[in-house]
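One structure is given below, encoded as structure tokens.
Read the numbers this way: they start at 1 and go in the same order the structure lists the ligands and their atoms.
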Amino acid sequence: MVSLNGMPSLSSVFSAYAAMSASVMVFRTMFNQLVPSQVQAYVLQNVRYYFTPRTPSRMTLIIEEQDGITRNDLYDAFEVYMCTKVCPNADRLKISKSSKEKHVNVKLARSESILDTFQGVEIVWSFVCEKNQKTDINGSYSDEDEPLSNVFVRGLERKHFELNFDKVHKDEVLGTYLPYVLDKAQAIKHEKKILKLHTLAYPMSHSGSVMWQSVNLKHPSTFEKVAMEPELKNAVIEDLDRFLERKEFYRKVGKAWKRGYLLYGPPGTGKSSLIGAIANYLKFDIYDLQLMNLGNDSSLRKVMLATANRSILVIEDIDCSVGLPDRNAVYSESTSQAFNTDKRRHDSQFSLSGLLNFIDGLWSSCGDERIIIFTTNNKEKLDPALLRPGRMDMHIHMSYLTPQGFKLLASNYLDIHDQHPRFGEIDELIESMKVSPAEVAEELMKSNDADACLGGLANFLKRKKMETSTEAKDDHQAADEIQLREAKRPKSDDH
Ligand SMILES: Nc1ncnc2c1ncn2[C@@H]1O[C@H](COP(=O)(O)OP(=O)(O)OP(=O)(O)O)[C@@H](O)[C@H]1O
Ligand SMILES: [Mg+2]
């Protein structure tokens, strides 16, 4: 029944309600009779869950500094990651820097919080620092669950981070956000790493053993600054990248995760500079192994065992460092056998194959991400053991300067990035002679005035060219004279 103004009348509303209640009653009775009680309970539970209005609930993850007596890696990673996240409007920050560090460290002060947003999820970080209740000045201790030693190891403060977020994002935070923070922290640590140069420290007495000593490596060389053929430079960078990515591959094929490079070329062509560039690129420490100063295989073993992973072992001037007596050595001998045999044969001198086998053997069992670099000025003098395929993965020829390399030096040293009127003349001279990058670099450092430097360089190159052609003439003349003398010698001299 409808009233005159179009609104339902009160009696019609009552009768509709009565009809609805009756149908609900019928439905209920049928539901109770037909559906088993366990299914009823399940259905009701789910209906209740979906129709109960809920306020968003929060979840908190606690990341403590210590996990028992060991440090919690997650805490350290979070501390590093947080440096990048400190809010611009934070009221209090903790900053620090040690003499070994290049950067200022920024940290949250006690009880400060910041908000991090990751893929739309808001995560509130708080840094909590509590007085450790369990120790007092007299060392009295009340917690029965925890050994006293742990408390002392932790010190008088307990620190932890609290990560607070909406509970619905639990899976994203645990599954995606935490791994992201760990990766990010790893990358930041890698970026901040201070490289070390390890050299051998010589013992004061005969009985003392040789050991590594290290200094911070501040080699300024980078790939951008090393003048070498661009294709070769790219090939080296690609090779290094591939090497780093191939951990699984090396494991799969059962090879030690290492790579060997032989750098060869005349003096001053950038071999040592390239080593610095590789170390800076990979952020690997350098171990400079001076074999001349290692008397026997046991000291070699000792110093090799004391080298760390993710490092570069460098043996400079390999042709001068080791004896080359074992050209016919049997390479199938076991590592130590070969080494010891050679050792006995050539007291206090290392044979190259022995040394290489020894390093191979050692690194196969306990080395990861190792690079070995040999340098030499005389590749032709090297033992075939070193040159045979598969021994050194890449042979890198560092050659005399080219006009292209000169442009790179001019841009590094003089900030000339385009053309210069002197370039044509200098390019021609460089193309017509053998000059090392080191010689040219020295000329480019002689003045702050670029024009003066380039003028000086052109004169230097002309002088050098003249000197070499005079030397060549003299050599020619001397050779002719010897030939003449030989020709004039009486035949009887031959017997
Ligand atoms: N290819 C290069 N690119 C840029 N600078 C170079 C290059 N080669 C040499 N230099 C400059 O010359 C200096 C000496 O070079 P470096 O010590 O790298 O040569 P090297 O090939 O190791 O010589 P050696 O065979 O005598 O050990 C470097 O400090 C650098 O300033
Ligand atoms: Mg060198």
Side-chain angles (χ1 to χ4, degrees), residues 195 197-200 215 217-237 239-240 260-282 284 286-293 312-322 371-382 386 392 394-417 423 426-427 429-431 433-448 450 453-454 456-457 460-461 464:
L195 302 188
L197 171 65
H198 303 266
T199 47
L200 291 174
V215 290
L217 174 69
K218 290 179 187 150
H219 205 298
S221 183
T222 59
F223 275 112
E224 292 82 49
K225 290 183 185 152
V226 178
M228 59 193 280
E229 279 174 42
E231 298 82 40
L232 183 58
K233 195 190 283 190
N234 287 338
V236 175
I237 295 174
D239 196 75
L240 292 170
Y261 298 102
L262 172 69
L263 312 189
Y264 66 98
T269 49
K271 296 178 292 301
S272 303
S273 307
L274 184 60
I275 295 173
I278 293 176
N280 284 327
Y281 184 73
L282 299 176
F284 278 16
I286 292 180
Y287 289 88
D288 185 7
L289 187 63
Q290 299 110 337
L291 290 178
M292 293 296 224
N293 301 299
I312 303 173
L313 181 73
V314 174
I315 305 179
E316 290 253 32
D317 300 318
I318 184 76
D319 48 311
C320 316
S321 305
V322 282
I371 284 182
I372 184 164
I373 300 181
F374 290 141
T375 72
T376 181
N377 295 139
N378 307 295
K379 190 182 175 193
E380 63 290 346
K381 279 199 201 163
L382 287 182
L386 190 71
M392 286 284 121
M394 207 171 172
H395 294 191
I396 302 168
H397 182 214
M398 300 300 286
S399 55
Y400 290 113
L401 197 63
T402 59
Q404 203 171 13
F406 164 66
K407 298 279 180 338
L408 193 133
L409 294 186
S411 126
N412 281 345
Y413 286 76
L414 305 176
D415 267 333
I416 303 175
H417 305 291
F423 277 5
I426 292 175
D427 283 355
L429 283 163
I430 286 175
E431 263 177 336
M433 60 192 291
K434 288 175 176 171
V435 62
S436 72
E439 287 171 296
V440 171
E442 202 177 300
E443 289 299 317
L444 298 182
M445 285 199 305
K446 285 191 171 163
S447 161
N448 288 332
C453 274
L454 292 176
L457 174 63
F460 164 80
L461 292 174
K464 185 174 164 84

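Note that CZ of Phe284 and CG of Leu195 are 10.5 Å apart. Values are rounded to the nearest 0.5 Å. Separating the CG atom in Leu289 from the CD1 atom in Ile373 is a distance of 13.0 Å, to the nearest 0.5 Å.
The side chain to side chain donor-acceptor pair (under 3.5 Å) check on Asn378 picks up Asp319, with sequence neighbours excluded. For the side chain to side chain donor-acceptor pair (under 3.5 Å) test, residues two or more places apart in sequence or in another chain that qualify with Ser272 are Glu316.
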Output block, N or O contacts of ligand 1, threshold 3.5 Å exclusive:
unit_1	atom_1	unit_2	atom_2	d
ligand 1	1 (N)	Ala227	O	2.7
ligand 1	1 (N)	Thr269	O	3.2
ligand 1	3 (N)	Ala227	N	2.7
ligand 1	8 (N)	Gly268	O	3.4
ligand 1	8 (N)	Gly270	N	3.0
ligand 1	18 (O)	Ser272	N	3.4
ligand 1	18 (O)	Ser273	N	2.9
ligand 1	18 (O)	Ser273	OG	2.6
ligand 1	19 (O)	Gly270	N	3.3
ligand 1	21 (O)	Thr269	N	3.2
ligand 1	21 (O)	Gly270	N	3.0
ligand 1	21 (O)	Lys271	N	2.9
ligand 1	21 (O)	Lys271	NZ	2.7
ligand 1	22 (O)	Ser272	N	2.9
ligand 1	22 (O)	Ser272	OG	2.8
ligand 1	23 (O)	Gly268	N	2.9
ligand 1	25 (O)	Lys271	NZ	2.8
ligand 1	25 (O)	Asn377	ND2	2.9
ligand 1	31 (O)	Tyr413	OH	3.2

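Checking side-chain atoms of Ser221 against main-chain N and O of Ser273 turns up a donor-acceptor pair under 3.5 Å.
Classified by interplanar angle (parallel below 30°, tilted 30° to 60°, perpendicular above 60°), the ring pair His198/Tyr287 is parallel. Using cut-offs of 30° and 60° for the angle between ring planes, the Tyr264 and His397 rings count as parallel.
Taking both residues in full, the closest heavy atoms of Leu409 and Ala441 are given as CD1-N, 4.4 Å, listed atom of the first, atom of the second, then distance.
Protein N/O/S atoms closer than 2.8 Å to the Mg ion (ligand 2), listed by chain and residue number, are Ser272 OG.
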- [ ] Just do the ring pair (Phe, Tyr, Trp, His ring centres under 6.0 Å) check on Phe406 and Phe423 with the steps written out, would you?
- [x] CA-CA 9 Å; Phe406 164 66; Phe423 277 5; 5.3 Å; yes
